[in-house]
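The structure appears right after this line, and notes come after that.
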Amino acid sequence: MFPIDLLDSAPEDANSGTNPASNSPLLAGLNDEQLAAVTLPAGHALILAGAGSGKTRVLTTRIAWLLQTGQATPGSILAVTFTNKAAKEMLLRLSSMLPYNVRGMWIGTFHGLCNRMLRAHYQAAKLPQAFQILDTQDQLSAIKRLCKQFNVDDERFPPKQLMYFIAGCKEEGMRPADVVATDPDTRKKVELYQLYEEQCQREGVVDFGELMLRSFELLRDDVHLRQHYQRRFQHILVDEFQDTNKLQYQWLKQLAGEADGGRYVSQSSVIAVGDDDQSIYAFRGARVGNMADFIREFGVKNQIKLEQNYRSYSNILDCANALISHNSNRLGKNLRTTQGPGEPVRIYESPSDLAEAAWMVDEIKQLVKNDGFKRQEIAVLYRSNAQSRVIESALFNASIPYRVYGGLRFFERAEIKHALAYLRLLENPHDETSFLRVVNFPARGIGARTIEVLQDTARGSGCSLNDAVTAVGGSAGTKLQGFVAKLDVLREQTQGKTLREIIETVQEQSGLIEHYRNEKEGADRIENLQELVTAAESFVTQEGFGRDAVALPVDAQEILPGANLSQSPASQGLDPNAPLLDEALKAPAGTAASMVNEDTGETMSPLAAFLSHASLEAGDNQAQAGQDAVQLMTVHASKGLEFDAVFIGGVEEGLFPHENAMMDRGGIEEERRLAYVAITRARKRLYLSHSQTRMLHGQTRYNTKSRFFDELPEEALKWITPKQSGFGSFTPNSGAGGSYGSRAGGQFGSNWGSKQTDVFASPPVPKQKAEPSHGMKAGIAVFHNKFGEGKVLAVEGQGDDARAQVSFGRHGTKWLALSIAKLTIVD
DNA sequence: TCCTTGGCCCTTTTT
DNA sequence: GGGCCAAGGA
């Protein structure tokens with residue numbers, strides 16, 4: 001057995017000793033590359049940080065070092081990341097290095113910082129003060145509404161596709177007028193894009209792309225504001241630079257002062273940190289090319305590569321390096337480690353996805369039992385979410401705790417969105433997405449027909465739905481007016497209340513709680529609604545509003561002196577030379593935010609801030625953190641994480657690389673980067689597997705092993721075959737379909753035989769227990785005298801203890817002891 | 001108005 | 001296979 005604890009003390013130790021200049025405790029333990037990056041002189045620089053090379057550490061230490069050596073003030077730093085997770089991590093580390101509150105610093109996600117900027121300058125950005133942020137769900141429903149209104153053929157222009165189109169345009173920085181439309185379809189889409197924009201503006205809402213674009217335009221078009229921020233941010237640090245899209249890069253250029261063609265060039269230093277080999281978000285507009293552009297356009301002299309990897313054994317790194325070397329146009333980088341080769345990377349072929357999952361379960365059991373791995377240090381990664389189901393059920397049947405990342409997150413839950421919609425309407429009654437979401441929820445007799453009349457009326461008189469209700473007659477009008485009156489009453493009742501009180505009042509008065517109380521499965525939802533109160537309370541405390549802060553000011557205009565300001569930047573307190581930040585950092589927390597304050601971003605009441613937070617940060621779905629459970633997630637979701645043991649399933653042509661990515665070279669290269677990311681997650685053990693058959697979308701597919709296997713170094717691999725044989729040999733071309741597997745060359749690659757031990761003579765079937773006598777297994781149909789026909793979801797236990805989980809439709813899902821319940825198997 | 005049914009779609013995912 | 005949505009019946 002491999003001594004797995006060999007590594008446990010390694011990372012920090014391996015870091016030290018190479019650094020002669022570590023006279024500051026801050027710099028202690030950095031290796032030469034890291035030290036050079038942390039102590040870079042002023043000027044633009046690119047840091048190519050390989051996986052596991054201590055990137056976040058370098059970034060945060062750099063910031064702390066700048067501050068400690070007096071080269072920067074907290075307010076002169078802008079640090080931007082992509083995910084809330086990364087931003088939080090950075091803030092957390094910084095706050096442990098720095099003696100003061102780092103919350104007021106401009107550290108956050110692109111969208112979070114844009115939101116902050118737009119809140120502080122909402123008038124210059126031509127937005128209402130209480131503008132609301134649409135998340136993807138909201139955006140889609142807004143687009144659907146628009147399409148309905150203009151009778152758009154949703155066969156020809158599916159709303160989802162329109163949404164991608166609009167988001168894509170915004171990612172490129174294009175307004176409708178900027179889009180070159182050569183064909184009628186595109187012209188129509190541009191027209192709808194224009195209408196969508198008008199709708200959003202009318203309703204006072206912005207989508208994610210708009211946050212970015214609006215903020216960019218604000219900087220571009222308002223010379224005073226731009227110069228102010230350019231002078232202010234002397235140090236700009238960008239994390240995951242390879243994932244920036246065109247617009248984000250332009251935004252950075254505005255802040256860095258490079259965009260004015262030399263007329264105004266700031267003294268700022270931009271440090272971009274990234275890894276071109278880990279760019280995996282091209283499908284949402286990320287442009288690796290930004291790295292090369294950055295080097296050229298900013299005249300970057302300083303490039304530092306962090307290639308020392310503190311995470312993985314060399315067999316794993318060798319695989320990663322060899323694989324990624326097949327990509328073209330790389331900036332060039334090779335991970336190295338001082339750790340030994342470690343275990344070989346294991347590769348497994350299975351006859352079916354079920355067998356693959358069963359093999360994983362067996363291996364996981366051994367890792368835990370024999371090799372002392374913790375379950376939470378074992379991850380199963382897959383290319384697409386659909387793959388998780390089979391693995392989940394295998395783990396479930398083996399009673400191995402697991403946790404699936406991804407899926408529905410807290411703020412995306414229907415009941416939470418309903419509650420938030422009421423809250424948003426308190427702030428902004430013209431937010432039609434929210435209005436329509438709850439106008440008849442809980443049901444109050446306002447049907448589709450009534451809504452239609454209301455929408456027509458509103459359109460006819462050019463006002464919002466909220467304002468149009470008085471113009472609707474009859475009983476329909478009465479009901480609508482009742483709804484609006486209810487909102488008015490709520491707005492009244494919540495004046496001067498704390499956020500907690502507001503949410504509780506709204507949930508109670510809106511009838512949401514009542515509604516879910518009467519619903520069969522409403523208990524969970526009520527629990528979630530209560531959780532919303534808790535979330536709000538901890539938000540308020542964390543943001544420094546103070547628990548008792550008044551969340552809805554009695555009169556916003558009065559409390560917010562910024563509210564009626566001004567066109568001139570001077571009147572917004574934007575004296576470029578004013579020391580903005582130290583004040584902000586010292587500002588006493590605990591009062592309701594009351595100034596237009598760029599450092600906290602709040603022109604906002606706690607309620608407004610919380611609503612922004614809910615849109616920008618959907619909240620995680622990590623149900624029972626802390627439980628020692630195997631981690632299941634997509635490769636995308638695994639970025640930035642690491643595990644002792646990693647399984648990558650479904651490494652097959654068509655799945656990984658994904659068939660939709662095979663059209664062009666760029667697609668394959670992105671898939672390869674994705675595989676690179678997946679491989680570099682592993683510290684000690686790495687398993688790759690592929691399956692000859694796989695059920696996907698209700699069809700059996702026959703996949704060949706991925707081309708990526710051919711790009712791995714043979715000496716780092718171990719091709720494992722099952723110890724036990726059995727079952728008839730697998731015939732690839734049996735069965736229907738075949739459209740997937742019939743690639744030239746047949747099922748097995750040309751160099752297959754040399755690597756695989758006799759695959760046909762003893763088919764690679766993993767160890768399987770003999771079929772239990774009751775014959776129950778997940779997926780089969782059964783009949784029960786009382787509950788009728790049902791489907792077995794899972795089986796566990798043996799002999800007399802054996803029990804099955806069966807879904808009976810209207811009777812729900814039940815666990816039945818097989819020795820007692822009379823279940824017959826239906827063909 | 002609510003519930004059932006059938007058709008359709010299906011890569012990855014953050015903000 | 002399964003989730004979502006629109007349509008149709010009670």
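Note on naming: letters A, B, ... go to the chains in the order of the sequence lines (proteins, then strands), and numbering restarts at 1 for each one.
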Next on the checklist: I'd like to check, for A/H636, whether its ring lies over the base of B/dT12 with centroids under 5.5 Å apart and a plane angle smaller than 30°.
Outcome noted: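 No; by the centre-distance and plane-angle rule, A/H636 does not count as stacking on B/dT12.
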Item to check | Under 5.5 Å and under 30°: A/F283 stacked on B/dT12 | outcome: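 It does: the ring sits over the base of B/dT12.
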Next on the checklist: Return the pairing partner of C/dG1 with a 3.5 Å limit on both distances, Watson-Crick or G-U wobble; otherwise return none.
Outcome noted: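 Its partner is B/dC10 (Watson-Crick or G-U wobble, both distances under 3.5 Å).
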Item to check | Any-strand Watson-Crick or G-U partner of B/dT4, both distances under 3.5 Å | outcome: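 With both distances under 3.5 Å, B/dT4 matches C/dA7.
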Item to check | base_contact_polar (B/dT15 base, A/T136 side chain, donor-acceptor, <3.5 Å) | outcome: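 It does, because a donor-acceptor pair links the side chain of A/T136 to the base of B/dT15 below 3.5 Å.
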Checklist entry - Has the side chain of A/R383 got a donor or acceptor that lies under 3.5 Å from a partner of the other kind on the base of B/dT12? => result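 Between B/dT12 and A/R383, which were checked side chain against base, a qualifying N/O pair under 3.5 Å is present.
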Determine the contact category for [X]: base if any of its heavy atoms lies under 4.0 Å from a base atom, sugar-phosphate if only primed atoms, P, OP1 or OP2 are that close, otherwise nothing.
X      : value
A/I446 : sugar-phosphate
A/G209 : nothing
A/N84  : sugar-phosphate

Selected nucleotide, minimal atom distance to [X] side chain, candidates [options]:
X      : options               : answer
A/R389 : B/dT12, C/dG2, B/dT15 : C/dG2
A/A443 : B/dC2, C/dC5, B/dT14  : B/dC2
A/K144 : C/dC5, B/dT13, B/dT15 : C/dC5
A/N660 : B/dT15, B/dT11, C/dG1 : B/dT11
A/S384 : B/dT12, C/dC5, B/dT15 : B/dT12

Checklist entry - Please walk me through it: do A/R701 and A/E659 pass salt bridge (Lys or Arg N to Asp or Glu O under 4.0 Å)? => result CA-CA 12 Å; A/R701 302 171 40 144; A/E659 56 195 340; 3.2 Å; yes
Roughly, in whole Å, what's the span from [atom1] in [X] to [atom2] in [N]?
X      : N      : atom1 : atom2 : answer
A/L641 : B/dT14 : CG    : P     : 11 Å
A/R284 : B/dT11 : CZ    : P     : 17 Å
A/D243 : B/dT12 : CG    : C1'   : 12 Å
A/N385 : B/dT11 : CG    : P     : 11 Å
A/E659 : B/dC10 : CD    : C1'   : 10 Å
A/D135 : B/dT14 : CG    : P     : 13 Å
A/Q137 : B/dT14 : CD    : P     : 14 Å
A/K148 : C/dA6  : NZ    : P     : 6 Å

Checklist entry - More 5' along DNA chain B: A/R444 or A/E617, using each one's nearest nucleotide? => result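 On the 5' side of the pair lies A/R444.
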Checklist entry - Considering heavy-atom distances to DNA chain B, does A/V635 or A/G445 have its closest nucleotide positioned more toward the 5' end? => result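 Looking at the nearest nucleotide for each, A/G445 comes out on the 5' side.
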Next on the checklist: Please classify the glycosidic conformation of B/dT12 as syn (within 90° of 0) or anti (everything else).
Outcome noted: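 Anti, which is what one calls it when the glycosidic angle falls more than 90° from 0.
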Checklist entry - For the residue pair A/R437 and A/A421, what are the closest heavy atoms and their distance? => result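 Here A/R437 and A/A421 meet closest at CD-CB, 3.7 Å.
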Checklist entry - Are any side-chain N or O atoms of A/T450 and backbone N or O atoms of A/I446, one a donor and one an acceptor, separated by less than 3.5 Å? => result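 A pair under 3.5 Å: no.
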Next on the checklist: ring-ring contact (aromatic ring centres under 6.0 Å, His included) for A/F435 and A/F483? Distances and angles first, verdict last.
Outcome noted: CA-CA 10 Å; A/F435 188 97; A/F483 172 67; 5.3 Å; yes
Checklist entry - Say you pick atom C1' in B/dT11 and the same atom in C/dA6; how far apart are they, in whole Å? => result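 Pairwise C1' distance, B/dT11 against C/dA6, rounds to 26 Å.
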Next on the checklist: Can you check the distance between C/dC4 and B/dT13, where both ends of the measurement are the P atom (answer in whole Å)?
Outcome noted: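 Going atom to atom, P in each nucleotide, I get 16 Å.
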Item to check | Axial cation check for A/F656 ring with A/R707, 6.0 Å and 45° limits | outcome: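 The answer is no, since A/R707 fails at least one limit relative to A/F656.
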Checklist entry - Taking the six-membered ring of A/Y676, is the NZ or CZ of A/R673 close enough (under 6.0 Å from the centre) and on axis enough (within 45°)? => result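 No, cation not above the ring by the 6.0 Å, 45° rule.
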Checklist entry - Quick one: are A/D243 and A/K639 in side-chain contact, heavy atoms under 4.5 Å? => result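 Contact flag for A/D243/A/K639 side chains = yes.
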Next on the checklist: Strictly below 4.0 Å: does A/T634 bring a side-chain N or O up to OP1 or OP2 of B/dT13?
Outcome noted: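 Yes.
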